[in-house]
Number of protein chains: 4
Amino acid sequence: MMLKQRRLPAEERKIVIVRAAIDVFSESNYRVAKISDIAARAGVTDPMIYKFFDSKKALFVEVLTLTSRKTIEKFGIQNFITEDSLTNIENFRRVLKKMLLTYLSSMRKYRRELKIFYQAISEIDDPDIQQVIRGHYNNFASMIKPVFQQAVDKRILSGRLEPEMIAWDINGFMIQQNALFLADLYSERNADVLLTERMNSWFS
Amino acid sequence: MMLKQRRLPAEERKIVIVRAAIDVFSESNYRVAKISDIAARAGVTDPMIYKFFDSKKALFVEVLTLTSRKTIEKFGIQNFITEDSLTNIENFRRVLKKMLLTYLSSMRKYRRELKIFYQAISEIDDPDIQQVIRGHYNNFASMIKPVFQQAVDKRILSGRLEPEMIAWDINGFMIQQNALFLADLYSERNADVLLTERMNSWFS
Amino acid sequence: MMLKQRRLPAEERKIVIVRAAIDVFSESNYRVAKISDIAARAGVTDPMIYKFFDSKKALFVEVLTLTSRKTIEKFGIQNFITEDSLTNIENFRRVLKKMLLTYLSSMRKYRRELKIFYQAISEIDDPDIQQVIRGHYNNFASMIKPVFQQAVDKRILSGRLEPEMIAWDINGFMIQQNALFLADLYSERNADVLLTERMNSWFS
Amino acid sequence: MMLKQRRLPAEERKIVIVRAAIDVFSESNYRVAKISDIAARAGVTDPMIYKFFDSKKALFVEVLTLTSRKTIEKFGIQNFITEDSLTNIENFRRVLKKMLLTYLSSMRKYRRELKIFYQAISEIDDPDIQQVIRGHYNNFASMIKPVFQQAVDKRILSGRLEPEMIAWDINGFMIQQNALFLADLYSERNADVLLTERMNSWFS
DNA sequence: TATGAATGAGTATTCATTCAT
DNA sequence: GATGAATGAATACTCATTCAT
């Protein structure tokens, strides 16, 4: 068991602060969260926050950026869809569905990050924040598209729907399920059925 | 020549305040917007706001409630889907698509209301606000469901997908397009193609 | 005896605040003085200060401006030097000396204002503050000059030294005596002797 | 090629810090200047400052003291007024005038130090600072007085005006010109004319 | 010796809300 | 009924200074 260290190297301290920020932001929201709460949660005093971040907003943007990166890594379609799974449409379909359901079921675990991400829409007029949000959705789509492109190239998919279109459909599906989840209106069954419908459309 | 009216009947003045609130909230967000800006925009003094609303939050909730009501009225599926259009699947499909596209294209006009609605997600922990949000999505689905139920009853729809499921699919589709729209990532072509795909699934 | 009024018309309240500011600024200095001290002294809360002044600096500039105006009014050379006193050099000289000595002896009474004025030199890089300071010295000189010009016109003064020059000499004399006074190095006798010397030079 | 020196003898490092302090204080003022800026300018870390000075104020007082000493040395009346120049009033007068004009024209070069000195007036309530200021003016006068005393002793000056009085007149003249200079109201011509007038009074 | 890490204490400014008139 | 006057309560951010290593 590690006691709380009094002095930490900068790198580690920064991580501790970001983690605290995720906690505190998600427990209320960007505007309500107080720097002093974040500091307390991180076990430091307020000024330490400002050693690493120029402002509360800069910290929020960092949290957003990191969350975006982590989400996309975690989604990690490329880890699921191996060369192997692309040899055969049934394989591809099975693996894809498993992946999407896995993602959906991870919402519960990443509710905090999810909530912060949706908070950012309230601040969408801020250029820095807008950039992270748009970057995130674009990156998400960009990660998915080539997988479907490969499937088309390998003739296991008809190409009737452009890979880009499918990518944005997946993106959109996640957005809607996330939103419903945050409003406590998420239904696993609904999500499952609707996902199946969509897959039918992608794979027809 | 129109002078600023000195005295307005209470009901009208309340409407003026709510309109001002929509303007001001949407120009920044619930936390940033100032009561004094809303009052100025409405042409009243700050304390007047408190004549009509107990608090800033109460005003926000009112705006939310009214916006929800208006959105649902405007969507007005019952106005589109007449008895007549339910006699024949092609009619139904055509009218439905027209309605959904109309709604999509109205996003531009109602961007202000849309933005406020998404702001509420930052405040989802507040019970009053959560209630409006959930109520809105539920009402939206409840409005759509019976139309499809009728279609099933009238045998112009197979009933393979439950009307409730379709209702939530439509609901979700709107949520995702709204979110993309607010992030300036809305693509009319994408929306159109993906909507067509979904309709195929509902009507198969 | 007047009890401290709870509610005061804006005009009066502003005066109370400015007076409090003079007290508080002079008891320490512009940077050390706290808005909350000024507010407390004025018998109001901090936000009231901001109803009248945009910032602490704005309040300081107001104090400076008012002090300048008051000082110049109080010096009021035009009140001393009447048509009458300009008929004859001895009269003029006597009245002038009396006036200057009066001013010098008023330093004690106006120490607070004096101190604030010299504080401004620490802030001379601020354009607003610089403007007040320069304006003050220029106004001071501009007030004195025409009196000596009249004396020259009326031939009771030789004009060997330009009126403008004399004006700046008086101005400078006050500056030096003020500075010494603030450093507790003021000597009435010295001031008196040196003033006599200068008058000899002006009137020769 | 000069690399930043890693280790400097303590005395030199102290000098470097004081120089940096003069720069930084004069660029804003005592209250606004930051220790970290001074440290950065001196090429040391913040805590190093505290190796040499107990506090920011102590550093300011040191700067003041050194500036006072340097100013007085630089004024160095004793360097100008040699035995030789005291044999004859014309010589004395010429040399004195040259010296005072030299001092005046050096204001431009020593603006930084001058500015810091006037900043101290804002802090005149601090006993340490008051002591330096008063000490400075007193030393200044004390340096000048004996020169005129000698002139009186040598009968090249009448003694009508006591040497002490003349000393304070010179002192005051410098104070006023410094103040006008800092307010950007310095006029070389005015200074020259007024100085001549005063010399007439001292030498009559 | 030197410094990176850390903080105590402070403070100008903001704004929703109240209330006397 | 309407408002000008007033405030309680809050909070992001700063900086001189200390101390463990």
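Chain naming here is simple, since letters A, B, ... match the order of the sequence lines and numbering starts at 1 in each. A quick note: this is a predicted structure, and the numbers were derived from the prediction, not measured.
In this structure, the CZ atom of C:Arg31 is 10 Å from the P atom of E:dA12, given to the nearest Å. Between the P atom of E:dA20 and the CG atom of C:Leu8 lies a distance of 16 Å, rounded to the nearest Å. When the P atom of F:dG4 is taken as reference, atom CD of C:Glu12 falls 17 Å away, rounded to whole Å. We find that CD1 of A:Ile38 is positioned 11 Å from C1' of F:dA12, with the value rounded to whole Å.
Remark: A:Phe117 engages A:His136 in a ring pair (Phe, Tyr, Trp, His ring centres under 6.0 Å) (not counting sequence neighbours). Under the side-chain contact (heavy atoms from CB on, under 4.5 Å) criterion, C:Arg69 pairs with C:Thr65, C:Leu66, C:Glu73, not counting sequence neighbours.
For B:Ile35, taking side-chain heavy atoms from C-beta onward, the closest of the listed nucleotides F:dT17, F:dA6, E:dA16 is E:dA16. Of the candidate nucleotides E:dC19, E:dT3, E:dA9, E:dA9 has the atom nearest to the side chain of A:Pro47. The side chain of C:Arg7 lies closest to E:dC19 when the candidates are F:dA16, E:dC19, E:dT17.
If you check residues 48-60 of chain D against DNA chain E, the residues with a heavy atom closer than 4.0 Å are D:Met48, D:Lys51, listed by number. If you check residues 19-28 of chain C against DNA chain E, you find no residue with a heavy atom closer than 4.0 Å.
Without hydrogens or angle criteria, A:Lys14 side chain to A:Ile49 main chain gives no donor-acceptor distance under 3.5 Å. At least one donor-acceptor pair closer than 3.5 Å links the side chain of D:Thr67 to the backbone N or O of D:Val63. Judged by distance alone, with hydrogens and angles left aside, the side-chain atoms of C:Lys56 form a donor-acceptor pair with the main-chain N or O of C:Ala33 at under 3.5 Å. Listed for the D:Gln119 side chain is a donor-acceptor partner under 3.5 Å among the backbone atoms of D:Phe25.
Ring geometry, D:Tyr30 versus D:Phe60: the interplanar angle falls under 30°, so the pair is classed parallel (tilted spans 30 to 60°).
Taking the nucleotide of DNA chain F with the nearest heavy atom to each of A:Lys34 and D:Val32, the more 5' of the two is matched to A:Lys34. Each of B:Ser36 and C:Asp46 lies near DNA chain E, and the nucleotide nearest C:Asp46 is the one positioned closer to the 5' end.
Heavy atoms from other residues, nucleotides or ligands lying under 6.0 Å from CZ of D:Arg134 number more than 12. By the neighbour-count criterion of 12 heavy atoms within 6.0 Å, atom CZ of C:Arg19 is sparsely surrounded, having that number or fewer from other residues, nucleotides or ligands.
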For this session: Give the dot-bracket string for DNA chain F, reading 5' to 3', where a pair is Watson-Crick or G-U wobble with both distances under 3.5 Å, ( ) marks pairs inside the strand, [ ] marks pairs crossing earlier ones, | marks a partner on another strand, and . marks unpaired.
Result: .||||||||||||||||||||
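Backbone-only engagement by A:Ala33 is indicated by non-hydrogen atom pairs under 4.0 Å involving sugar-phosphate atoms exclusively.
Annotation: side chain of D:Lys57 is in contact with side chain of D:Asp126 (closest heavy-atom distance under 4.5 Å).
The shortest distance between the side-chain N/O atoms of C:Arg13 and the OP1/OP2 oxygens of F:dA6 is below 4.0 Å.
Each salt bridge (Lys or Arg N to Asp or Glu O under 4.0 Å) pair with one or both residues in residues 29-42 of chain B, not counting sequence neighbours, appears once here: B:Asp23-B:Arg41, B:Glu27-B:Arg41, B:Arg31-B:Glu123.
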